[in-house]
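Values reported hereafter were calculated over all heavy atoms of this structure, with side chains retained and with hydrogens, waters and symmetry mates removed.
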Amino acid sequence: MKFRKVCVAFLSALMITTSTGMAVAATPETVQAKLAVMEKDTYGTEQTGAILDRINKLEKDYDGAHRSGSMMARVDALYDEVYKNNGQPSVLAQLNAIEWNIDHEASMNSVEKRVADMEMTINGQTTEGTYKQRITNLANASFGTTQLPMEKVTVPKNTLIKVALVDPVKSKNLKKGDTIRYKVAADVIVNGKLVFAKGEPGDGTVNSVKQAKNFGRNAKLDIDYKQVKSIDGTYVATFMGEESKKEMKNLAMAAGASLAGIVLLGPIGVIGGAFVNGKNIDLPAGTEFYIQTKNDTTLYGVATTAQ
């Protein structure tokens with residue numbers, strides 16, 4: 001859906017919505033919580049069975065060997081390898097960079113499917129081996145080297161990110177605590193480094209919702225647009241601030257909408273009597289809007305000449 005065609009509709013909801021930036025979700029602390037996160041990202045769903053069997057499977061699939069030590073130590077080591085950028089890009093950061101280099105878009109699919117899909121695209125067939133080895137082979141095929149062009153870059157506070165709703169947002173179907181899913185709609189490049197790739201996921205939370213009522217009282221929806229995943233796999237704290245709103249207002253004006261028309265919410269601005277219903281917020285999947293980073297953040301970005 002084109003941004004300018006939906007900008008007025010989204011701004012209509014925005015005029016009765018407040019958004020705040022909150023802390024990004026913390027790293028899971030327990031063995032089972034970390035296992036569940038890794039399994040969902042790796043296979044698409046949380047696995048069942050004995051904990052040791054699940055740890056063994058993840059270690060075998062990523063590294064081809066089992067670690068020694070306690071369950072927590074083994075899970076922590078694997079979690080850090082998959083997600084943490086400790087001195088070098090994580091496994092997921094490398095996978096994201098390769099996928100973007102091939103498709104210029106990151107996928108929300110599992111590691112299992114993403115690796116297989118890229119192998120089919122490049123080689124015409126899938127291969128055997130650990131995920132780490134297969135990702136290394138894909139890096140070599142895609143970039144011509146196993147050393148990916150990923151470098152640290154500081155992303156300034158209030159950097160704008162265009163995102164799009166993954167699911168429809170309908171005030172009449174929402175309640176406090178519901179998750180609002182969106183994804184990056186356009187690459188964000190800072191100092192020649194790609195930091196947010198098209199397709200990367202983000203999510204927010206409904207803080208409160210008031211349904212539309214008679215007498216033209218419109219629905220009200222308060223959403224915390226809390227985070228977006230960067231290309232190195234880090235979730236970055238985001239919110240809808242003044243820069244985001246200004247960008248959307250400017251594009252709405254360019255599309256020919258008057259500020260008065262936006263504020264009045266279209267036909268609801270014409271009061272027809274006590275029995276006129278208020279307007280619900282109804283935004284289709286694909287609706288694009290802007291959010292912005294909450295803090296200065298240092299990330300690994302992919303060196304690129306793209307604009």
Side-chain angles (χ1 to χ4, degrees), residues 18-29 34 37-38 40-41 79-100 104-109 111 114 148-167 179-207 223-248 288-304 306:
T18 59
S19 303
T20 57
M22 297 177 67
V24 177
T27 299
E29 295 183 356
K34 284 189 174 181
V37 169
M38 286 190 286
K40 287 177 183 177
D41 281 348
Y79 188 92
D80 288 351
E81 181 179 57
V82 174
Y83 296 103
K84 301 291 186 179
N85 300 292
N86 296 325
Q88 62 181 7
S90 66
V91 171
L92 282 185
Q94 296 175 54
L95 183 61
N96 291 338
I98 298 164
E99 190 170 47
W100 180 82
H104 271 222
E105 185 167 352
S107 166
M108 297 172 69
N109 292 324
V111 171
R114 293 168 71 188
L148 298 183
M150 300 191 75
E151 303 172 15
K152 285 188 176 182
V153 60
T154 297
V155 180
K157 175 182 178 181
N158 295 324
T159 295
L160 289 169
I161 308 169
K162 185 194 284 189
V163 295
L165 293 176
V166 173
D167 310 303
T179 296
I180 304 296
R181 298 194 304 158
Y182 40 87
K183 61 182 180 180
V184 178
D187 294 338
V188 178
I189 298 172
V190 176
N191 294 332
K193 311 294 187 303
L194 174 74
V195 289
F196 296 103
K198 181 180 179 181
E200 290 287 0
D203 62 85
T205 303
V206 175
N207 288 332
I223 299 173
D224 168 21
Y225 300 92
K226 64 181 181 180
Q227 61 184 9
V228 172
K229 184 180 283 189
S230 68
I231 197 164
D232 76 359
T234 301
Y235 271 105
V236 176
T238 53
F239 71 113
M240 186 178 286
E242 291 307 313
E243 285 82 358
S244 306
K245 296 173 186 178
K246 181 179 178 180
E247 186 70 16
M248 289 188 287
E288 295 178 343
F289 56 102
Y290 279 93
I291 55 179
Q292 61 201 72
T293 56
K294 187 179 180 184
N295 307 300
D296 291 345
T297 309
T298 299
L299 306 167
Y300 276 99
V302 179
T304 178

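- One distance of note links CE of Met248 with NZ of Lys162; it measures 11.5 Å at 0.5 Å rounding.
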key: Pair Leu148-Val302, side chain to side chain contact (heavy atoms under 4.5 Å, CB included): steps then yes or no   = CA-CA 8 Å; Leu148 298 183; Val302 179; over 6 Å; no

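- Closest heavy-atom contact between Pro28 and Lys34: O-CE, 2.9 Å.
- Residue Leu92 holds its CG atom at 7.0 Å from CZ of Arg114, rounded to the nearest 0.5 Å.
- Distance check, rounded to the nearest 0.5 Å: CG of Asp224 to CD1 of Ile180 gives 11.0 Å.
- Remark: side-chain polar atoms of Asn85 are paired, donor with acceptor, to backbone N or O of Asp232 under 3.5 angstrom.
- The shortest side-chain heavy-atom distance between Phe289 and Leu165 falls under the 4.5 Å cut-off.
- Nearest heavy atom pair, residue Asn207 against residue Ile223, reads ND2-C, 4.2 Å.
- With rounding to the nearest 0.5 angstrom, the CG atom of Asp203 is 10.0 Å from the NZ atom of Lys229.
- Gly301 approaches Val195 most closely through the heavy-atom pair CA-CG1, 4.3 Å.
- In this structure a side-chain-to-backbone donor-acceptor pair under 3.5 Å is present from Thr293 to Asn158.
- The 12-atom threshold is not exceeded at NZ of Lys183, counting heavy atoms of other residues, nucleotides or ligands nearer than 6.0 Å.
- Counting only heavy atoms from C-beta outward, the side chains of Tyr79 and Lys84 approach each other to under 4.5 Å.
- Between the side chain of Gln94 and the backbone N or O of Pro89, at least one donor-acceptor pair lies under 3.5 Å.
- In this structure, Ser244 and Leu160 have side chains that are in contact, with non-hydrogen atoms separated by less than 4.5 Å.
- The structure places CE of Met108 at 5.0 Å from CZ of Arg181, a figure rounded to the nearest 0.5 Å.
- Side-chain contact between Gln292 and Phe239: present, with at least one pair of heavy atoms (C-beta onward) separated by less than 4.5 Å.
- Taking the side-chain contact (heavy atoms from CB on, under 4.5 Å) definition, one finds that Lys198 meets it with Glu105, Asp187, sequence neighbours left out.
- When all heavy atoms are compared, the tightest approach of Thr238 to Gln227 is OG1-N, 3.1 Å.
- Of all the heavy atoms in Asp296 and Lys157, the pair that sits closest is OD1-N, 2.6 Å.
- Atoms CD and OH, from Glu243 and Tyr290 in turn, are 13.0 Å apart once rounded to the nearest 0.5 Å.
- A donor-acceptor pair under 3.5 Å is formed between the side chain of Asn96 and the backbone N or O of Ile231.
- Crowding of Asp80 atom CG: a count of heavy atoms from other residues, nucleotides or ligands under 6.0 Å exceeding 12.
- Formation of a donor-acceptor pair under 3.5 Å by the Glu99 side chain with backbone atoms of Ser107 is found in this model.
- Side-chain contact between Val155 and Val236 is absent, with no heavy atoms from C-beta onward closer than 4.5 Å.
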request  = Apply the test side chain to side chain contact (heavy atoms under 4.5 Å, CB included) to residues Met38 and Tyr83: give CA-CA distance (whole Å), side-chain angles for both, the deciding distance (0.1 Å), then the verdict.
outcome  = CA-CA 9 Å; Met38 286 190 286; Tyr83 296 103; 3.5 Å; yes

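- Note on ring orientation: taking the six-membered ring where Trp is involved, the planes of Tyr225 and Tyr182 are tilted (angle from 30° to 60°).
- Ring geometry for Trp100 versus His104: interplanar angle under 30°, hence parallel rather than tilted (30 to 60°).
- Looking at Phe196 and Val163, their side chains never come closer than 4.5 Å, going by heavy atoms from C-beta outward.
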